[in-house]
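Comments concern the structure below.
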Amino acid sequence: MGDQNKNVPRLRFPGYTDAWVKCELGEILISHGYKQYITEANINGNYPVIQQGDKPIVGYSDNDPCLDYDNVLLFGDHTLSLFKPREPFLLATDGIKIISIENFDGEFTYYFLQKYNLKSEGYKRHFTILKNKSCFFPKDIEEQ
């Protein structure tokens, strides 16, 4: 960041001068409900089944997927994994939070949240810890 008093980063795209917004992530993060979990995925199916961790796609299924994938991310509440779906998807477990930030592009949100690397505190829910992190972001979606 640039001058901390002005909430302005050192490097910017030309033409942008407004101060960035400062808040806690919990003020802008939106958690989306989705309660259909797939306990058995297989190699066949039209939609990926996502789990937490380093290998997010555990298989495929033809069940009813979550269709709103453009501007959401999947946050592994226990593993701290972050996954950007590219197509309709299903979830393998309830430990995954479907999250977004209103008026944020999904790609921007993915890279934005990566810089708030959390440290694992064992097998616990980390979403609450993430929500308490302070952040700075550009209001102008074009600058994002």
### Task
Evaluate the side-chain proximity of Phe75 to Ser81: yes if any heavy-atom separation is below 4.5 Å, no if none is.
no
### Task
Search all heavy atoms of Cys23 against all heavy atoms of Ile28 and return the closest pair with its distance.
SG-CG2, 3.8 Å
### Query
Which pair of non-hydrogen atoms, one from Thr79 and one from Gly53, has the smallest distance, and what is that distance?
OG1-N, 3.4 Å
### Query
Quick check: does any side chain N or O of Lys84 sit under 3.5 Å from a backbone N or O of Tyr69, one acting as donor and the other as acceptor?
yes
### Message
Check whether Asp62 reaches the backbone of Asn46 with its side chain - one donor and one acceptor, N or O, closer than 3.5 Å.
### Response
yes
### Message
Assess the residue pair Asp105 and Asn71 against the criterion (side chain to side chain contact (heavy atoms under 4.5 Å, CB included)); give the C-alpha distance rounded to whole Å, side-chain angles, the decisive distance to 0.1 Å, and a yes or no.
### Response
CA-CA 6 Å; Asp105 175 79; Asn71 290 315; 4.1 Å; yes
### Query
Roughly how far, to the nearest 0.5 Å, is CD1 of Ile96 from CD1 of Ile99?
11.5 Å
### Query
Is there a donor-acceptor contact under 3.5 Å from the side chain of Gln51 to the main chain of Ala92?
no
### Query
Tell me, do Leu29 and Leu113 make a side-chain contact under 4.5 Å, heavy atoms counted?
yes
### Summary
Here the gap from Leu90 atom CG to Ile50 atom CD1, rounded to the nearest 0.5 Å, amounts to 8.5 Å
### Query
At what distance, to the nearest 0.5 angstrom, does CZ of Phe127 lie from CG of Leu25?
9.0 Å
### Query
To the nearest 0.5 Å, how far apart are OG1 in Thr93 and NE2 in His78?
7.0 Å
### Task
Output all residues satisfying ring-ring contact (aromatic ring centres under 6.0 Å, His included) with Phe108, sequence neighbours left out; order by chain, then residue number.
Phe104, Phe112
#### Entry: Whichever hydrophobic residues join Tyr16 through chains of side-chain contacts under 4.5 Å
Phe13
### Task
Starting from the C-alpha separation in whole Å, work towards a yes-or-no answer on side-chain hydrogen bond (donor to acceptor under 3.5 Å, both in side chains) for Gln114 and Tyr110.
CA-CA 6 Å; Gln114 281 191 337; Tyr110 177 76; 2.8 Å; yes
### Query
If you measure from NZ on Lys115 to CZ on Phe136, what distance do you get to the nearest 0.5 Å?
8.5 Å
### Message
To check you understand the geometry: which heavy-atom pair defines the closest contact between Pro48 and Pro88, and what is its length?
### Response
CD-O, 3.3 Å
### Query
Near Asn132 CG, under 6.0 Å, is it more than 12 heavy atoms from other residues, nucleotides or ligands?
yes
### Query
Counting N and O atoms only, with roles assigned by atom type, does the side chain of Gln52 sit under 3.5 Å from a partner on the main chain of Asp77, one being a donor and the other an acceptor?
yes
### Query
Excluding sequence neighbours, so at least two apart, what forms side chain to side chain donor-acceptor pair (under 3.5 Å) with Ser100?
His32
### Task
Calculate, to the nearest 0.5 Å, the distance between atoms CD and SG belonging to Glu27 and Cys135 respectively.
8.0 Å
#### Entry: Ile30-Phe137 co-clustered via ILVMFWY side chain contacts under 4.5 Å
no
### Message
Applying side chain to side chain contact (heavy atoms under 4.5 Å, CB included) to Ile98 and Leu73, what does each step give before you reach the verdict?
### Response
CA-CA 6 Å; Ile98 302 172; Leu73 299 176; over 6 Å; no
### Task
Go through the steps for Phe89 and Cys66 under the test side chain to side chain contact (heavy atoms under 4.5 Å, CB included), then give the verdict.
CA-CA 5 Å; Phe89 62 90; Cys66 180; 3.7 Å; yes
